[in-house]
Student: 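There's a structure below that I have some questions on.
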Amino acid sequence: MTMYAALLRGINVSGHKKVPMAELRTLLDELGHGDVRTHLQSGNAVFSSASDDENALAAELEQAIEKRFGFPVPCLVRDGAYLAAVAAACPFPAAGLEGKQLHITFYDQPVDADRFARIDPAAFLPEAFGLGDRALYLYAPDGLGRSKLAEALSRSSVTKGLVATSRNWNTVVKLVEMTSPTQMTPPTQITAPTGTTAPTHDDGARA
């Protein structure tokens, strides 16, 4: 079994695309997943699954959400090991920053520097960004809402063909914690009832 995080894009924003977290948990349970939990209202869920196909898990969840709620919601599914590696590879001094100052945008596919070639980093200082494994790190000292660099990075000319969803550093750290293997429910151990003894095998020998 593997722990995964499901990252839903664009739900519960200004009253649009409402997906109550209780209903999302129920939906994941109905899909057969275990250890289901959610974090905040912005579309973060964790679960365990025997599947090793993140894309198939995401597609299944997207189909279930559209069937249940009547509108499409792009979803990314990433396992705990990936999330931990992305957090560890952060090029900015996360320990010394506020959670609102550091964000990670997750993509559905790898991205390279060519996609961002028209963005001049010097024009946005002290804001800065860096690329990772299907991820982009954004340092925005005044927060995402005031970030000119975030606006430039999210232009359609830059994100064309991508599914992208962003989380602040506090949420990323929490999801790493929630998808740790230690968060999985241990397998049920079958034990003999109290006061009974395990059966013995008779090899047929008689006196």
Side-chain angles (χ1 to χ4, degrees), residues 1-87 103-112 115 131-136 138 144 150 153-168 170-181 183-185 187-188:
M1 301 291 283
T2 301
M3 289 296 298
Y4 291 98
L7 308 175
L8 282 61
R9 180 178 181 273
I11 67 166
N12 300 335
V13 178
S14 301
H16 300 293
K17 290 192 172 183
K18 292 183 179 180
V19 178
M21 292 300 97
E23 293 188 41
L24 178 59
R25 292 192 294 271
T26 298
L27 191 61
L28 288 165
D29 282 331
E30 291 173 352
L31 290 174
H33 302 314
D35 302 295
V36 174
R37 289 186 291 162
T38 54
H39 177 60
L40 304 177
Q41 300 298 313
S42 53
N44 308 292
V46 301
F47 61 90
S48 61
S49 173
S51 173
D52 61 359
D53 190 334
E54 293 176 338
N55 292 334
L57 289 169
E60 178 185 54
L61 180 56
E62 288 177 347
Q63 292 170 6
I65 289 173
E66 184 164 11
K67 182 177 180 181
R68 176 70 58 87
F69 298 102
F71 49 78
V73 174
C75 301
L76 299 180
V77 171
R78 296 290 181 261
D79 66 34
Y82 165 84
L83 292 173
V86 167
H103 299 259
I104 297 181
T105 299
F106 296 94
Y107 298 114
D108 65 326
Q109 59 188 279
V111 293
D112 57 32
R115 182 180 285 271
L131 300 180
D133 177 12
R134 292 171 291 166
L136 179 145
L138 171 65
L144 195 64
L153 292 168
S154 61
R155 290 173 184 158
S156 59
S157 58
V158 175
T159 61
K160 184 178 180 180
L162 296 174
V163 174
T165 186
S166 298
R167 300 294 185 273
N168 70 30
N170 289 341
T171 297
V172 172
V173 170
K174 186 63 177 178
L175 291 176
V176 169
E177 174 189 324
M178 293 174 70
T179 54
S180 166
Q183 300 299 307
M184 275 192 290
T185 302
T188 303

Student: For Glu177, enumerate each residue passing the salt bridge (Lys or Arg N to Asp or Glu O under 4.0 Å) test, keeping only those at least two apart in sequence or located in another chain.
Tutor: Lys174
Student: Shortest non-hydrogen contact from Ala45 to Thr38?
Tutor: CB-CG2, 4.0 Å
Student: Using the side chain to side chain contact (heavy atoms under 4.5 Å, CB included) criterion, which residues pair with Gln41? Sequence neighbours excluded.
Tutor: Asn12, Met21
Student: Can you pull out every side chain to side chain donor-acceptor pair (under 3.5 Å) where at least one residue sits in residues 44-57? Sequence neighbours excluded, please.
Tutor: Asp35-Ser48, Ser42-Asn44, Asn44-Arg167
Student: What's the separation between atom CG in Leu61 and atom CG in Leu24, rounded to the nearest 0.5 Å?
Tutor: 6.5 Å
Student: Between CD1 of Ile65 and CD of Glu60, what distance do you get to the nearest 0.5 Å?
Tutor: 11.0 Å
Student: Could you please spell out the steps behind the side chain to side chain donor-acceptor pair (under 3.5 Å) verdict for Asn168 and Thr171?
Tutor: CA-CA 5 Å; Asn168 70 30; Thr171 297; 3.2 Å; yes
Student: For Val111 and Leu162, which heavy atoms make the closest approach, and how far apart are they?
Tutor: CG1-CD1, 3.8 Å
Student: Should Thr105 and Thr159 count as side-chain neighbours, where that means a heavy-atom distance under 4.5 Å?
Tutor: no
Student: Which residue pairs pass the salt bridge (charged side-chain N to carboxylate O under 4.0 Å, His left out) test with at least one member in residues 5-22, sequence neighbours excluded?
Tutor: none
Student: If you look at every heavy atom in Ala150 and Leu138, which pair is closest and at what distance?
Tutor: CB-CD2, 3.7 Å
Student: Within the structure provided, determine whether Leu131 and Asp112 are in side-chain contact (heavy-atom separation under 4.5 Å).
Tutor: no
Student: If you round to the nearest 0.5 Å, how far is CZ of Arg115 from NZ of Lys160?
Tutor: 9.5 Å
Student: Measure from the side-chain N and O atoms of Ser180 to the backbone N and O of Val176, and report whether any donor-acceptor pair falls under 3.5 Å.
Tutor: no
Student: Show me the donor-acceptor pairs within less than 3.5 Å that the side chains of residues 66-83 make with the rest of the protein, sequence neighbours left out.
Tutor:
from	atom 1	to	atom 2	distance (Å)
Arg68	NH2	Glu30	OE1	2.4
Arg78	NH2	Tyr107	O	2.8
Asp79	OD1	Ala81	N	3.2
Asp79	OD1	Tyr82	N	2.7
Tyr82	OH	Asp133	O	2.6
Tyr82	OH	Arg134	O	3.4

Student: Tell me, which pairs form a ring-ring contact (aromatic ring centres under 6.0 Å, His included) where one or both residues lie in residues 32-64, sequence neighbours left out?
Tutor: Tyr4-Phe47, His33-Phe47
